[in-house]
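Below, chain A is the first sequence line, B the second, and so on; all start at residue 1.
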Amino acid sequence: MKRVFTAIPYLWLLGLFLVPFLIVLKISLSDAAIAIPPYMPTLDLSEGWAGLTSFLSELDMENFVFLTEDDLYWKAYLSSLKIAVLSTLLTLAVGLPIAYGMARAPEDWRPTLMMLVILPFWTSFLIRVYAWMGILSNEGLLNQLLISIGLISDPLVILNTNTAVYIGIVYTYLPFMILPIYASLERMDPSLLEAAEDLGCSRLTAFWIVTLPLARPGVIAGCFLVFIPAMGEFVIPSLLGGSSTLMIGKVLWEEFFSNRDWPVAGAVAIILLLILIVPIVLFQRQQAKAEAGH
Amino acid sequence: MSAEFAPWDEPDAVPLIKVENVTKRFGSFTAIDHIDIDIFPREFFALLGPSGCGKTTLMRMLAGFETPSEGRITIGGDDMAGVAPNKRPVNMMFQSYALFPHLSLWDNIAFGLKREGMEKDKIAARVEEMLKLVQLGKFAKRKPHQISGGQRQRVALARSLAKAPKLLLLDEPLGALDKKLRQETQFELMDIQERTGTTFVIVTHDQEEAMTVASRVAVMDHGKLIQVDTPQKIYEEPNSVYVADFIGDVNLVEGRATAVGEAAEFVWGEGQPSLVGMPGGGVQADRAATFAIRPEKIAISRDEPEARNRVHGKIIDIGYLGNLSTYHVQLPTGAMLTCEVGNRSRVARRDFTWEDEVWLSWTETAGMVLPS
Ligand SMILES: Nc1ncnc2c1ncn2[C@@H]1O[C@H](COP(=O)(O)OP(=O)(O)OP(=O)(O)O)[C@@H](O)[C@H]1O
Ligand SMILES: [Mg+2]
């Protein structure tokens, strides 16, 4: 019985991650074709062994080579990486103080504060992004406000720029940053800060050398939770970003739906996955090493 | 501790800590109730009292983590109102240890020294010295979660000692240690105290520990100071039934004080002879009083003794504790008295056994007559 339960996560990974991954991998190694599905070869099991070998022989890396030949792709990856890294840092800068404030709030307020952080999820993500379009556009709420209080005379152009994309990503993923940091801060024994003060730290130094290191696991988890989806983000750049906003999620969407080039789209997805997995694996290695070192 | 160390008796001695009429309230709850204490340099001052009586709260006010609701605390002559914990010449060992989980034992102990801006090799030397003191040299590289509870306690102790502060506050520093290590550490503490001249304020649940290490003991109850005195005085001349009962074992007999002078006379139980003891705690004649007598001060005999205080009764129970035996004797009034007799010879020949009729006696200065 116990075996069945321990097998569940593996079955889950196998069924919902590995199998789809293999399918995408196979598509990325195929050639585009005007057919249903729009690629070839397809595996024909009725021909037996010969069918399998001819199927395998027709797979190649052509699409991956193609990705390196066109500037568009590596520029899109690079620009996505830049936007994801920068917006992760921005989210951290906004989320850390909020999480800290929540963890320091009186105990009976905390569930309410937590509720408030999660509350936006109760409205559809799309509606919230459209709401930001309403806020950020030239005639939007933000510009109206700024003009009416006389801070600016001409509306700021925010919508359809990268700035709007950053705002959208920070806004959308903020709870994913706050919650893990809050969890690690809340677990912290407050007498540690008193001990630090007792030993000669000011409050500020105590924050840097005691609180922050103890919040590190939460900060790292939060950064991954923001960085990974931000890297492949598609909705936010297409709705809030402009024509100059280049993100790999958008490219992927266009390959898939506009060009109907599933194999190239597959290759784009596989490379994206590699870009995401490599740092995670490296990071975990280093973590394990650091642990073993003690 | 030299015999003549008694600054509290010298009129012109200057206290290191002055706690003046301090009260601490948490909402409507009074944790510390109008306390006055003077603690002198080089003292080993023990706070003793039941759980929740306010010992930690008092320490936290000295360290600067709580501000008094009323009253004033001065350390070394400086008013501590508004002085942050990191600006006080005080280090505290926390009851929960409060070791930094992300730092090794070595870095935990070095923490305060690094903040001081001490030179690297001096820090290293000091940390090694502290590690040796608490016998944890082998574990220097471990993190706090990789050592036992008692070891953690020793790290916390080492960390608070490392900066060699003027005043060291120890909140139950030895609670998690086994008896042997605890005694060793007690002597180590006294030794450190003597060598460095640090003033110690120590909280403990363990009265034996307070008696062993302290120059003076303060007994607290419900946020009030009941008695502040040398261990010997606390034991021999308690000022209240509460203190007598809290420190060590004691027989308590209810009755009335009849005459109070140099000695106090005490009547009780119908047909029982009166008793004589030392008056204490402002006991007054013709008021309800309690006679307090320690078990080891009572002698037991088969024949009627000469002593002024003597009662007759029957042995109900005998306890053998290795180095001594206790006899529980029931008096005709139904009252039970316990007496303790040292077992000097190993011979199992017992002078007395169950149901024996015996006399219990003690001298006129052995017991105390205290207000009920
Ligand atoms: N921050 C606080 N808020 C409200 N009440 C408190 C607070 N700190 C302490 N108290 C109360 O004050 C009283 C004294 O607490 P304190 O911690 O000083 O006891 P203690 O003598 O150290 O007990 P123990 O021996 O169990 O450690 C307790 O009744 C406690 O509940
Ligand atoms: Mg306490």
Within-4.5 Å side-chain heavy-atom neighbours: A:Ile209 and B:Arg115: yes
side-chain contact (heavy atoms from CB on, under 4.5 Å) assessment of B:Phe94 paired with A:Asp189: CA-CA 12 Å; B:Phe94 288 76; A:Asp189 176 2; over 6 Å; no
Checking heavy-atom separations under 4.5 Å from chain A, one finds in residues 68-93 of chain B B:Pro85, B:Asn86, B:Val90, B:Asn91, B:Met92
Show me, pair by pair, the donor-acceptor contacts under 3.5 angstrom made by side chains of residues 83-95 of chain A, not counting sequence neighbours?
{"from": "A:Ser87", "atom 1": "OG", "to": "A:Ile83", "atom 2": "O", "distance (Å)": "2.6"}
{"from": "A:Ser87", "atom 1": "OG", "to": "A:Ala84", "atom 2": "O", "distance (Å)": "3.3"}
{"from": "A:Thr88", "atom 1": "OG1", "to": "A:Ala84", "atom 2": "O", "distance (Å)": "2.6"}
{"from": "A:Thr91", "atom 1": "OG1", "to": "A:Ser87", "atom 2": "O", "distance (Å)": "2.5"}

Count the heavy atoms of every other residue, nucleotide or ligand shown that sit under 6.0 Å from CE of B:Met190, and state whether that count exceeds 12. yes
So which residue, B:Pro101, B:Ala63, B:Pro165, ends up with the most heavy-atom pairs under 4.5 Å with chain A? B:Pro101
Can you tell me which portion of B:Phe100 sits under 4.5 Å from chain A's heavy atoms? Options are side chain, backbone, both or neither. both
Atom NE2 of residue position B:His205 - does it have more than 12 heavy atoms of other residues, nucleotides or ligands inside 6.0 Å? yes
Do any of residues 193-203 of chain A have a heavy atom less than 4.5 Å from a heavy atom of chain B, and if so, which, in residue order? A:Glu194, A:Ala195, A:Ala196, A:Glu197, A:Asp198, A:Leu199, A:Gly200, A:Cys201, A:Ser202
Evaluate the side-chain proximity of B:Phe111 to A:Val210: yes if any heavy-atom separation is below 4.5 Å, no if none is. yes
Which bit of B:Leu99 is near chain A, if near means a heavy-atom gap under 4.5 Å: side chain, backbone, both or neither? backbone
Could you tell me which residues satisfy side-chain hydrogen bond (donor to acceptor under 3.5 Å, both in side chains) with B:Ser96, sequence neighbours excluded, listed by chain and number? A:Ser191
Counting only heavy atoms from other residues, nucleotides and ligands, does the tally under 6.0 Å from CZ of A:Arg216 exceed 12? no
